[in-house]
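All ligand and atom numbering here is 1-based and tracks the order in the structure. Not measured: the values here are computed from a predicted model.
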Amino acid sequence: MEQYYVTTPIYYVNSTPHIGHAYTTVAADVFARHQRQRGRETFLLTGVDEHASKVARVAEEQGLAPQAYADRIVEAWRALPARLGVSNDFFIRTSDDGHKRFVQEFLTRIRDNGREDIYQDVYAGLYCVGCEAFKTEDELVDGKCPQHDVEPEWIEERNWFFRLSAYQERLLALYDERPDFVLPGFRANEARSFIAGGLQDFSISRAGQPWGIPIPWDPDQVAYVWADALVNYLSALTYARPGEDLIPRFWPVAHHLLAKDILRFHCVYWPALLLAAGYDVPRQLFVHGYLLLNDRKISKSLGNVVDPLDLIDVYGADAVRFWCARSVSFGQDGVASIDGLRERYERELGNDLGNLLSRVTAMVARYRQGTLAAVPSGDSEVAAIVAPLGDDVAARLDVFDLTGALERIWEVVRGLNRHVEVTAPWQVAKDEARSAELDRVLYDLVDGLRAVAVALAAYLPDTSGRILAALGQAQTLDWAEVAYGRARAAENVEPAAPLFPRVDEPTLAA
Ligand code: MSP
């Protein structure tokens, strides 16, 4: 069996989950669910990054040990995938013993690789705690980190360094040999030019900090948070299933999703660290843009946080998932708004999809007393619309075209709505002589909607199941079911309750 491994970044446990985090998490879930439908053994990983220096600072302010503080705030992060209906196979915490042990082994492997890739030196420089990264003067705007609007701190200490500079040639060769290593292409170019511009060694340890993973050969230092966090993609596989090492199965078939803010760490540092430790580089990285709300990056420091859980309370997880996938072309930056969510909820989910189901089930109930005859015709208009759907959607999702694949499914939803109007079953039902035709029309509509429900299962898992149930169809989600003529005969089909009932406008900050 073929394997597929997909990851989100692990989110800083001390930040507040917002719609931007939900965005990557939903996207990863769509890819994972889709690959499972294609019969691939799939592993979806998400989780939290706990060893940021800010965690220790805030814990101290609150009079708590860092671990106790992290244990408390992690719950908001566990709730995010759970409430979004995300099918993650594991939730990693970088404070897990299994992760800590693996990071120590990983760093030791680099140190022992015979090339002196880890060495000691003194580091002095400006450090932004928000980014957990050193900054050069020219990266600052008015002396401040433009992302966090704070002045970086001057740090000077003896650290362990990773010889990133030694990996320039190998990384360039990697990008040249594998044009789809990083997608979209313009992000690959960005990473490649950064590498071509010359790589500087970076410090992988911090002195004088109690919170972090001790450097095994120098326990007075802890691993730099990024040297710790990136390794999660590998470490999780070693202990997610007790007693089982999943690395041979799921590495290197990894697909990392991330936004452009952490491109360098993932597209440059991570492959170099892996090569140094003697591991293969991941199969692919997809770098998406920022989801902006009212033209601004969504972040707590800028004060326009929208809690995704609030949106789920009002609209439901599937509607939030739909909005994430549909509002902005995945890969690009784009603006989403709460008004847009409401609008899509009513027009696309409520009308295009929900009303279609209501109409089709009501007609089967009314004209056929709830009994659907299995009479596929083979060459109907619905057969023609549905035939290319499976391949088209799969091809798009294979290249992470989250938005394009959903639009392709929506074309079929619109096509089925048109088909209802064109065939006008209410007219056909008036004429006893057209009884066989009515059976065929109803079958086609049910079957088309069934195929759509299977295709949508990765995006709208709950809705998909409800559609299949309302149509009296099996909950079979194999990708082969995204084809014409798979609907089975059904009894007792009743007019379906609205899939997306009207909601009262809540008081949400927009
Ligand atoms: N802890 C690091 C990642 C370590 S991965 C080994 C980190 N965490 S974070 O909490 O800041 O999350 C960053 C990620 O959150 C982004 O790469 C992206 O996936 C997601 N997003 C955060 N804000 C976002 C938007 N406004 N829009 C889209 N995605 C956003 O960096």
Side-chain angles (χ1 to χ4, degrees), residues 6-29 31 45-55 70 73-74 76-77 80-81 84 86 92-95 99 102-103 106 128-133 145 147-148 187 212-213 223-236 254-271 273-274 282 285-302 304-308 323-325 327-337 400 402-403:
V6 56
T7 67
T8 72
I10 46 172
Y11 305 109
Y12 285 129
V13 72
N14 55 303
S15 56
T16 307
H18 60 63
I19 202 71
H21 306 117
Y23 187 60
T24 317
T25 310
V26 164
D29 189 49
F31 299 129
L45 179 68
T46 188
V48 286
D49 185 351
E50 301 190 27
H51 293 130
S53 8
K54 264 193 278 183
V55 171
I73 57 181
V74 74
W77 288 100
L80 185 72
L84 281 167
V86 166
I92 189 170
R93 299 184 57 180
T94 53
S95 63
H99 173 75
F102 189 87
V103 168
F106 186 89
C128 170
V129 177
C131 296
E132 294 287 2
C145 163
Q147 290 230 24
H148 294 92
R187 296 290 180 203
I213 302 177
Y224 166 46
V225 66
W226 275 99
D228 154 353
L230 287 163
V231 182
N232 92 89
Y233 301 130
L234 211 44
S235 73
H255 299 78
H256 300 313
L257 300 186
L258 53 135
K260 61 183 185 179
D261 54 337
I262 51 179
L263 176 142
R264 282 184 198 173
F265 292 108
H266 282 80
C267 302
V268 182
Y269 291 24
W270 178 226
L273 287 167
L274 283 163
L285 299 103
F286 187 88
V287 184
H288 63 76
Y290 282 143
L291 190 66
L292 309 170
L293 201 64
N294 295 345
D295 299 327
R296 298 177 75 192
K297 186 182 167 198
I298 310 159
S299 83
K300 184 130 182 124
S301 54
L302 295 176
N304 58 346
V305 181
V306 171
D307 185 340
W323 176 61
C324 284
S327 309
V328 171
S329 180
F330 194 59
Q332 308 297 315
D333 287 333
V335 183
S337 70
F400 306 96
L402 182 75
T403 317

Contact with ligand 1 for H288, non-hydrogen, under 4.0 angstrom: yes
Main-chain N/O of F286 paired to H266 side chain as donor or acceptor, under 3.5 Å: no
Min heavy-atom dist H18 to ligand 1 below 4.0 Å: yes
Ligand 1 atoms in contact with G289 (distance to a heavy atom under 4.0 Å): 28 (C)
Proximity to ligand 1 by part of F265, non-hydrogen separation under 4.0 Å: neither
T94 side chain vs D49 backbone, donor-acceptor pair below 3.5 Å: no
Gap separating the CG atom of L263 from the CZ atom of R187, nearest 0.5 angstrom: 7.0 Å
Backbone of L291 reached by a side-chain donor or acceptor of Y23 within 3.5 Å: no
Mode of L291 contact toward ligand 1 - side chain, backbone, both, neither (heavy atoms, under 4.0 Å): both
Contacting atoms of ligand 1, where contact means under 4.0 angstrom from a heavy atom of D49: 1 (N), 2 (C), 4 (C)
Separation of Y12 OH from E132 CD (nearest 0.5 Å): 5.5 Å
For atom 2 (C) of ligand 1, the option (of I10, T94, T24) bearing the nearest heavy atom: I10
Pair Y11 and W77, ring centroids less than 6.0 Å apart: yes
Student check: side-chain heavy atoms of K260 and D333 closer than 4.5 Å: yes
Side chain, backbone, both or neither: the part of Y290 lying under 4.0 Å from ligand 1 by heavy atom: both
Residue part near ligand 1, for D261, under 4.0 Å between non-hydrogen atoms: side chain
For H266, the ligand 1 atoms whose distance to one of its heavy atoms is below 4.0 Å: 5 (S), 6 (C)
Main-chain N/O of L45 paired to Y233 side chain as donor or acceptor, under 3.5 Å: no
Atoms of ligand 1, numbered as shown, that sit under 4.0 Å from any heavy atom of L230: 6 (C)
A229: numbered ligand 1 atoms lying under 4.0 Å from its heavy atoms: 6 (C)
A52 touching ligand 1 at heavy-atom level, < 4.0 angstrom: no
Check: T24 and H288 side chains under 4.5 Å, non-hydrogen atoms: yes
Any N/O pair Y233/ligand 1 closer than 3.5 Å: no
Proximal atoms of ligand 1 relative to Y23 (non-hydrogen, under 4.0 Å): 28 (C)
Nearest-0.5 Å distance, CZ of residue F31 to CZ of residue F330: 5.0 Å
Among P17, G130, A28, G20, closest by any non-hydrogen atom to atom 29 (N) of ligand 1: G20
Ring geometry between W226 and F265 (parallel below 30°, tilted from 30 to 60°, perpendicular above 60°): parallel
Any N/O pair N232/ligand 1 closer than 3.5 Å: no
